[in-house]
Structure formats: C-alpha cells, structure tokens
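Note that the structure is predicted; figures quoted are calculated from it, not measured. Counting convention: from 1, in listed order, for ligands and their atoms alike.
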Amino acid sequence: MIDLAEAIALVESNATPLPPRRRRLLDACGLVLAEPVVSDVDSPPWDRAMMDGFAVRGDDVHAASDGVVELDVVVDLAAGDVTSLAIRPGCCARIMTGAPIPAGADAVIPVESALEHTRAAHAGSRVRLDARTFRAGQHIARRGTAFRVGDVVLVADSLLGAAEIGLAAEAGATHVVAAGRPRVAILTTGSELVPPEATPAFGQTRNSNGPMLAAATRLLEAEPIPLGIVADRPEAIRAAVAQGLAADVLLLSGGVSAGDLDLVPEVLRACGVEKVFHKVRHKPGKPVWFGVVRRPEAAPTLVFGLPGNPASSLVCFDLFVRPALMILAGRPRGMWHLPRSRARLTAPARATADRPVYLPCRLAGPPDALAATPLPWTGSSDLRGFAGANGYVSLPAGGRIHDSGTDVEVVLR
Ligand code: AMP
Ligand code: MG
C-alpha cells in the first residue's frame, strides 16, 4: 500500500501526451490547440455599420447650424448589399447593421435620431437627423481593427471552447491541429452485475459503474468505449482486456480487492500489463490498481483497475484517471487535478483512523469564504451522497471529529 501523493506522482510520470491530429473544426471542440490558427481575412472585413440608421458624411453634420441636418437618401443598404455609389455632400444612405459603409460616408446616425416624420425615409426621399450628440466616425467598426490577415488569432495551447471555435471559423480554419482525444475502454467485471434495464434478482446488482465512468470520461472531453459486463471468469476477463488494450486507457471496474474472485490483477499480469501500484492509503478507493503496457513502437496503454464499489470507483477516477486523461490530452499542468481550497464545516465531519478520507459535500459561498456541508453518506457502495456533491471534504487520517465551524481542506468537483 502506498500514499496518495506517491500514487498520483506515479500516474503522472507514466502518462504522456498523445500525438496531435488534424481534425475538422467542430471535432476539436474541448481539445487543446496544437498549432496556431492564422487568419485569412481582416476582421471586420470592411468598414461595417454597427447600427440601423443613415450613413452620413461628418462634414455635412458638423455644418448643421440648428442641431438638425437634412439629407437626400440616395440608396438603401441591407446587410449583404453593396453599392458602387459614393455618398456626395448633402446625401446619405439608409443602412442596416452589418452592411458595408459606402464610399464617402464616415459615420452612422441611428434611425432613432431621425425626426419622427422622416424616420421611414428611403432612397428617393429626404431625412431630417438630430445632430446634437453626433461624434465623428460614430457607429462604424473599422476594417481590421479586431485582427488582420496573417495575424495569429489563437496560439498553440488554447483550449477550444465555444468562443475559440467561433473565432477559428471566422479566421477561415475549417480544420485545426489539436491534441489527441483519449480513447477510454471501460470494462465492468462482476458475475452479480446486470445492465440498468434489468430488474435485479436476489443477489444481483445493477451496473452503475459502467455508465458512471463513461459519463466521467465524456465530461473530460475523452471518448468512452463501453465494453460491457464480463463475469468473474479469467478467460472472459482476458478476452475483454485484450480488446480494451487497443485503447489509450483501459478502465476496469471491480475485481481488484482481496476476495477469491478478485481476478483482475492476475489477468492483467497474464495480459502483459506491468503493475505500477496496487492499493493506496485512501478512503474510499483503497483497492485501486494501476499499470501500463509499454510498446516499443506504439503509444502505451494505461490500465486502471478501479474498485467495484461505486463511490470508490468515482473517487479513484477523480484522483488517478482524471490526471492521466488530462496529460494524454495535452492539458496544462494547472488543469490536471481538481482544484483545492479551504472551507468552513457547517456540520461535524469524522475522519477515518488509518487513512485520509474524502467525504462528499456541498460547497457554497464566495471563493474566499466557502462553507462545506457534508452530505449524508453510508459508505463506499452509496452513490446517493455523491449525487449533487460539488466537492469533497479532505480529512487527514487520525479518526478525530472535526467540529462544525472548523476550517478544512476541500476539493472542488
Ligand atoms: P468488487 O470490487 O468487485 O469486489 O465489488 C465490490 C462491490 O461493488 C460489490 O458489492 C459489487 O457488487 C459492487 N460492484 C462491483 N461492480 C459494480 C458495478 N459496476 N456497479 C455497481 N456495483 C458494483
Ligand atoms: Mg466483483
């Protein structure tokens, strides 16, 4: 049995980033950019109207003596319309947001500033505009003021969220080179397990870990590959493991503790998985197993034997699988682990005697004055206390009761 910090360090040192790949833009959503995105256009691409109104010549407006300027409307321009007409002195264009400013015009006066009875003026009529609040150049987004052709709009290591995907699209990047998306095979072991659609008979248990681990994988922008349930028979486990070893990561659930049918460590050994550690001084999650298949030519496969008890499985995912997936996906170090903070307990929390413990809790309040409310939780097999938990209270070994009001370490999830 090893300490938590040592186990985490062993996971980190065995994980290396997957090779980046060129992907369709939307397929890179949630991934880290590996090569910069360079724009093939100016943004805005031309001087663009930012209001519905009238494109005018500033000189005409400044010349207005009584605060009102009267102009001939010579053309109507909706977004997408272009004109070769130049606006001459005494003239203006009716213009909609998003249309290019015609030559000669250098500002937009919003339609709300047209005097009531001329507000509907179109090409061929005259408009009277209130000029009192006019500023030279107003309501035009000038060409290239956001970025220019050839500018790097996204640097390598940017995380591709919605804004980044939109910006890349504007810059003309239909494809980008992004970090790998780890493929995670998920194998559930246990002769007692039945799929969620079955009503468990006496002695049977629904497979909650399979869907839970697939969900946790997907939430980290990795790709789950569910391999289903296998019974506690070495040949059955071996065949499924062989299949799972084609993935970047293989997660097994169950069969790693000390029972007669905890066959997973032995099967993994027989399949050529090199053990890195088995059993960690932590609750829940003590039985966790970690190993690696190293290959001279190809990328290694990381193998996690997670405990069958669902709460243990989930905590082990957060502690060990999460950093592995983050490293494989090329994420910066600051994202490898769930963030930690301090919080004040709103109710007593009991530590475990022999190991550090994570207790599910609800965190609330501002970041510098967090309050942690431990959730009712009956132990490793109980997922209910974890549903709705947005944190863990992290208590050191020693078995003492931490009173309400005490400052404790928490993990934000
Ligand atoms: P094991 O780690 O295989 O000894 O399993 C420990 C406990 O977790 C047993 O009560 C199992 O029935 C339960 N368990 C194992 N796998 C799952 C699973 N996929 N979903 C729900 N419970 C499970
Ligand atoms: Mg089992």
Side-chain angles (χ1 to χ4, degrees), residues 1-2 7 184-219 222 224-241 243-244 247 249-271 273 275-291 303-322 352 355 357-358 360 377-389:
M1 186 141 63
I2 62 173
V184 182
I186 298 168
L187 177 60
T188 306
T189 72
S191 299
E192 77 282 24
L193 299 175
V194 294
E197 59 268 27
T199 302
F202 185 65
Q204 293 183 326
T205 298
R206 279 201 180 116
N207 172 20
S208 49
N209 290 353
M212 177 182 74
L213 296 170
T217 297
R218 188 172 290 170
L219 287 169
I225 304 168
L227 298 183
I229 302 168
V230 289
D232 293 313
R233 285 186 291 107
E235 331 74 71
I237 302 175
R238 197 174 302 142
V241 164
Q243 200 187 337
V249 176
L250 169 58
L251 305 183
L252 293 102
S253 129
V256 287
S257 28
D260 291 344
L261 285 177
D262 288 327
L263 306 163
V264 165
E266 175 50 29
V267 169
L268 291 175
R269 194 195 57 74
C271 289
V273 188
K275 181 178 101 174
V276 177
F277 64 73
H278 187 192
K279 293 194 169 67
V280 173
R281 202 169 288 107
H282 193 264
K283 182 181 174 177
K286 180 169 86 175
V288 64
W289 191 101
F290 172 61
V303 182
F304 294 87
L306 303 173
N309 273 309
S312 308
S313 219
L314 184 63
V315 168
C316 287
F317 185 97
D318 284 349
L319 284 171
F320 309 114
V321 183
R322 177 194 165 95
T352 299
R355 304 169 265 163
V357 67
Y358 273 10
W377 181 52
T378 60
S380 302
S381 69
D382 176 10
L383 266 189
R384 181 134 187 225
F386 283 67

- Message: Under a plain distance cut-off of 3.5 Å, with no hydrogens placed, do Asp262 and Ser257 share a side-chain donor-acceptor pair?
- Response: yes
- Query: Below 3.5 angstrom, do we get any N/O pair linking Thr188 and ligand 1?
  - Reply: no
- Message: Please determine whether side chain to side chain contact (heavy atoms under 4.5 Å, CB included) holds for the pair Trp289 and Val273, giving the CA-CA distance in whole Å, both sets of side-chain angles, and the decisive distance to 0.1 Å.
- Response: CA-CA 11 Å; Trp289 191 101; Val273 188; 3.8 Å; yes
- Message: Tell me whether the count of non-hydrogen atoms from other residues, nucleotides or ligands lying under 6.0 Å of NZ in Lys279 goes above 12.
- Response: yes
- Message: Counting only heavy atoms, tell me which of Ser191, Gly203, Ser208, Pro196 gets closest to atom 21 (C) of ligand 1.
- Response: Ser208
- Item | Atoms of ligand 1 close to Asn207 [distance to a heavy atom under 4.0 angstrom, numbered from 1] | 18 (C), 19 (N), 20 (N)
- Can you find a pair of side-chain heavy atoms, one from Ile186 and one from Thr217, that are under 4.5 Å apart? yes
- Message: Please tell me whether Asn309 and Ser380 have a donor and an acceptor in their side chains that are separated by less than 3.5 angstrom.
- Response: no
- Task: List every atom of ligand 1 that sits less than 4.0 Å from any heavy atom of Glu192, numbering the atoms from 1 in the order shown and giving each element.
- Result: 11 (C), 12 (O), 15 (C)
- Query: Do any N/O atoms on Pro310 end up under 3.5 angstrom from N/O atoms on ligand 1?
  - Reply: no
- Task: Measure the distances from the heavy atoms of Ser381 to every atom of ligand 1 and state whether one is below 4.0 angstrom.
- Result: no
- Item | Any Val315 side-chain heavy atom under 4.5 Å of Phe386 side chain | yes
- Should Gly308 be counted as touching ligand 1, given the test is an N or O pair under 3.5 Å? yes
- Atoms of ligand 1 under 4.0 Å from any heavy atom of Ser253, numbered from 1 in the order shown, are 16 (N), 19 (N)
- Task: Pick one of side chain, backbone, both or neither for how Leu193 approaches ligand 1, counting any non-hydrogen atom pair under 4.0 Å.
- Result: side chain
- Query: Could a heavy atom of Arg206 be found less than 4.0 Å from some atom of ligand 1?
  - Reply: yes
- Message: Using heavy atoms and a 4.0 Å limit, tell me yes or no: is Ser257 in contact with ligand 1?
- Response: yes
- Heavy-atom side-chain proximity of Pro284 to Pro307 below 4.5 angstrom: no
- So which bit of Thr205 gets within less than 4.0 Å of ligand 1, heavy atoms only: side chain, backbone, both or neither? side chain
- Numbered atoms and elements of ligand 1 in range of Gly255, under 4.0 angstrom, heavy atoms: 1 (P), 2 (O), 3 (O)
- Query: Which residue holds the protein heavy atom closest to atom 10 (O) of ligand 1, what is that atom called, and what is the gap in Å?
  - Reply: Asn309 OD1, 4.3 Å
- Do the side chain of His278 and the main chain of Val288 share a donor and acceptor less than 3.5 angstrom apart? no
- Task: Look only at the side chain of Asn207 and the backbone of Thr188, and say whether a donor-acceptor pair between them is shorter than 3.5 Å.
- Result: no
